[in-house]
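See below for the structure under consideration.
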Amino acid sequence: MKILRYLLIFIPISIVGEFLHFSPTIMFLLAALAIVPLAGLMGEATEEISVYTGPKLGGFLNATFGNATELIISFFALKQGLFDVVKASIAGSVIGNILLVLGASILAGGIKYKTQTFNKKVVEVSSSMLLFAVIGLAIPAIFTHTVSPELLNSKYEGLSIVVAAIMFIIYLLSLFFNFYTHKDVYAVEHEEGEAKWSLKKSILVLVFATVLIAVESEFLVSAVEPMTETLGLSTFFVGIILIPIIGNAAEHSTAIVMAIKNKMDVAIEIAIGSSLQIVLFVTPVLIFLSLLFTPMDIVFNEFELISLIVAVLIANRVASDGESNWLEGVQLLAVYAIIGAAFFIF
């Protein structure tokens with residue numbers, strides 16, 4: 001976290017760059033480097049708030065604000081009509097969390113410990129929910145890719161809204177499940193500790209970081225199209241690889257640290273829980289927000305769809321035995337590298 005704070009210098013540099021009209025490629029890089037420590041500050045603030053609210057609500061806040069950065073970036077992309085970038089970032093977040101974050105965590109923990117164990121029952125509930133969520137997300141895409149083009153019309157946008165509404169309802173029901181009817185299943189061990197910040201300071205830092213992330217996200221998104229043209233990159237690669245890594249860098253490092261401390265339950269829940277919230281909360285919210293501009297559908301291309309389903313099936317496989325080792329981590333990272341290479345060339 002201390003290392004990340006040195007990157008805060010890129011906030012004023014990016015603001016100066018915007019006024020001096022730096023090249024889009026440089027602005028993209030500056031904004032990305034500024035967002036990473038801001039996301040870290042946001043995570044630190046929510047952790048401090050959790051000391052006052054308790055571990056249960058604190059964990060929920062951590063998961064929610066852990067995805068806030070990506071939600072803000074996607075909102076500005078949505079506003080500019082960059083639907084391919086938005087949808088690619090949704091797919092990329094799920095794929096990145098399951099393959100990159102989980103893979104790196106399992107590898108890092110596996111190097112230190114021969115075999116690591118985790119609560120199989122809790123992870124199975126989360127991974128099964130994620131499988132359901134991705135199937136729901138895939139239905140509009142499967143429909144449009146299999147039905148004859150002449151039979152399609154704008155109604156598939158309505159289908160996306162219906163699916164988004166159902167997923168959001170499932171998200172609310174899952175909160176009820178976690179916090180009320182089955183809270184014993186999700187009981188967590190809480191390590192007592194004193195808050196480093198006051199509650200007031202924690203909230204102010206959270207608000208401050210959120211506002212600055214919104215500013216930097218606008219710089220980042222404005223530079224996407226000219227930057228991709230200059231460097232010859234595809235918007236799919238930017239959306240599915242770069243934006244998820246930028247938005248979730250701080251959260252990713254936390255999962256790896258937890259795995260090294262032999263807290264695999266926490267590491268796996270960060271990866272799978274964050275993916276679950278992307279699909280059930282962030283995606284529906286983006287669909288609803290798009291109604292304020294131009295309605296966006298959730299029709300993914302075939303390769304995004306296959307990558308999503310494969311990643312979720314792998315997550316279910318990893319969760320099936322309640323144990324992990326370094327080789328499983330290498331395998332997850334290898335699949336992520338192959339998918340990333342394919343989108344780079346796409």
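It should be emphasised that the depicted structure is a prediction, and the values quoted were computed from it without experimental measurement.
There is a path of hydrophobic side-chain contacts, each under 4.5 Å, that joins Ile246 to Leu100. In terms of hydrophobic clustering, with Ile, Leu, Val, Met, Phe, Trp and Tyr side chains grouped at heavy-atom distances under 4.5 Å, Ile98 and Ile306 are assigned to a common cluster. Both Leu131 and Ile90 sit in one connected hydrophobic cluster of ILVMFWY residues. Membership requires side-chain heavy atoms under 4.5 Å apart, directly or through other members. In terms of hydrophobic clustering, with Ile, Leu, Val, Met, Phe, Trp and Tyr side chains grouped at heavy-atom distances under 4.5 Å, Leu99 and Ile268 are assigned to a common cluster. Both Phe75 and Leu71 sit in one connected hydrophobic cluster of ILVMFWY residues. Membership requires side-chain heavy atoms under 4.5 Å apart, directly or through other members.
Counting all heavy atoms, side chain and backbone alike, Leu305 lies closest to Ile142 at CD2-CG1, 3.9 Å. Closest of all the heavy-atom pairs between Val86 and Ser74 is CG2-O, 3.6 Å. Listed here is the closest heavy atom pair of Ile287 and Ser160: CG2-O, 4.3 Å. Considering every non-hydrogen atom in both Leu308 and Ile95, the closest pair reads N-CD1, 4.1 Å. The two residues Met264 and Ser324 have their closest heavy-atom pair at CE-OG, 3.9 Å. Minimum heavy-atom separation, Leu286 to Met296: CB-CE, 4.5 Å.
Clustering of Ile, Leu, Val, Met, Phe, Trp and Tyr side chains at separations under 4.5 Å leaves Leu204 isolated, with no partner residue.
Under the 3.5 Å distance criterion, the side-chain polar atoms of Ser93 are left unmatched by any main-chain donor or acceptor of Pro244. The backbone N or O of Ile278 lies less than 3.5 Å from a partner atom in the side chain of Thr283, making a donor-acceptor pair. Checking side-chain atoms of Glu323 against main-chain N and O of Thr115 turns up no donor-acceptor pair under 3.5 Å.
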Check against salt bridge (Lys or Arg N to Asp or Glu O under 4.0 Å), Glu44 and Lys196
CA-CA 10 Å; Glu44 193 172 353; Lys196 294 180 292 182; 3.5 Å; yes
Could you walk me through whether Ile35 and Phe219 pass the side chain to side chain contact (heavy atoms under 4.5 Å, CB included) check?
CA-CA 11 Å; Ile35 287 172; Phe219 295 163; over 6 Å; no
Verdict with reasoning, Ile106 to Asn325, per side chain to side chain contact (heavy atoms under 4.5 Å, CB included)
CA-CA 6 Å; Ile106 291 175; Asn325 57 66; 6.0 Å; no
Trace of the side-chain hydrogen bond (donor to acceptor under 3.5 Å, both in side chains) decision for Glu225 with Thr235:
CA-CA 7 Å; Glu225 286 190 317; Thr235 54; over 6 Å; no
Start with the C-alpha gap between Ile170 and Met129, add the side-chain angles, then the distance that decides, and say whether side chain to side chain contact (heavy atoms under 4.5 Å, CB included) holds.
CA-CA 9 Å; Ile170 293 296; Met129 177 71 83; 3.8 Å; yes
Determine, step by step, whether Phe344 and Leu233 satisfy the side chain to side chain contact (heavy atoms under 4.5 Å, CB included) criterion, reporting the C-alpha distance in whole Å, the side-chain angles of both residues, the deciding distance to 0.1 Å, and the verdict.
CA-CA 7 Å; Phe344 181 77; Leu233 297 174; 3.4 Å; yes
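Residues Val312 and Phe132 form no side-chain contact, since every pair of their non-hydrogen atoms from C-beta on lies 4.5 Å or further apart. Leu41 places a side-chain heavy atom less than 4.5 Å from the side chain of Leu8. Looking at heavy atoms from C-beta onward, Val85 lies out of side-chain contact with Gln80 at the 4.5 angstrom threshold. You'll find the side chain of Val163 reaches within 4.5 Å of the side chain of Pro140, heavy atoms only. The side-chain heavy atoms of Leu102 and Ile270, taken from C-beta on, include no pair separated by under 4.5 Å. A heavy-atom distance below 4.5 Å is not found between the side chains of Val94 and Leu137. Side-chain contact check for Asn316 versus Ser128: some heavy-atom pair is nearer than 4.5 Å. Counting heavy atoms from C-beta on, the side chains of Leu327 and Gln331 come closer than 4.5 Å.
Atom CH2 of Trp197 has more than 12 neighbouring heavy atoms from other residues, nucleotides or ligands inside a 6.0 Å radius. In the displayed structure, Phe293 atom CZ is contacted under 6.0 Å by more than 12 heavy atoms of other residues, nucleotides or ligands.
Taking CD1 from Ile260 and CD1 from Ile256, the interatomic distance works out to 7.0 Å, rounded to the nearest 0.5 Å. Taking CG of Leu220 as the start and CZ of Phe28 as the end, the distance is 4.5 Å to the nearest 0.5 Å. Put simply, OG on Ser174 and CE on Met167 are 12.5 Å apart, with the number rounded to the nearest 0.5 Å. For the atom pair Ile243 CD1 and Glu70 CD, the distance stands at 8.0 Å (nearest 0.5 Å). How far CZ of Phe83 is from CG of Leu78: 5.5 Å, rounded to the nearest 0.5 Å. Here Leu212 contributes atom CG and Ser217 contributes atom OG; the two are 10.5 Å apart, rounded to the nearest 0.5 Å.
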Check: residues 10-24 side-chain donor-acceptor pairs under 3.5 Å, at least two apart:
residue: Ser14; atom: OG; partner: Phe10; partner atom: O; Å: 3.1
residue: Ser14; atom: OG; partner: Ile11; partner atom: O; Å: 2.7
residue: Ser14; atom: OG; partner: Glu216; partner atom: OE1; Å: 3.0
residue: Ser14; atom: OG; partner: Glu216; partner atom: OE2; Å: 2.7
residue: Ser23; atom: OG; partner: Ile26; partner atom: N; Å: 3.4

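When each of Phe343, Phe237, Phe236 is tested with Phe303 by the rule ring-ring contact (aromatic ring centres under 6.0 Å, His included), just one qualifies, namely Phe343.
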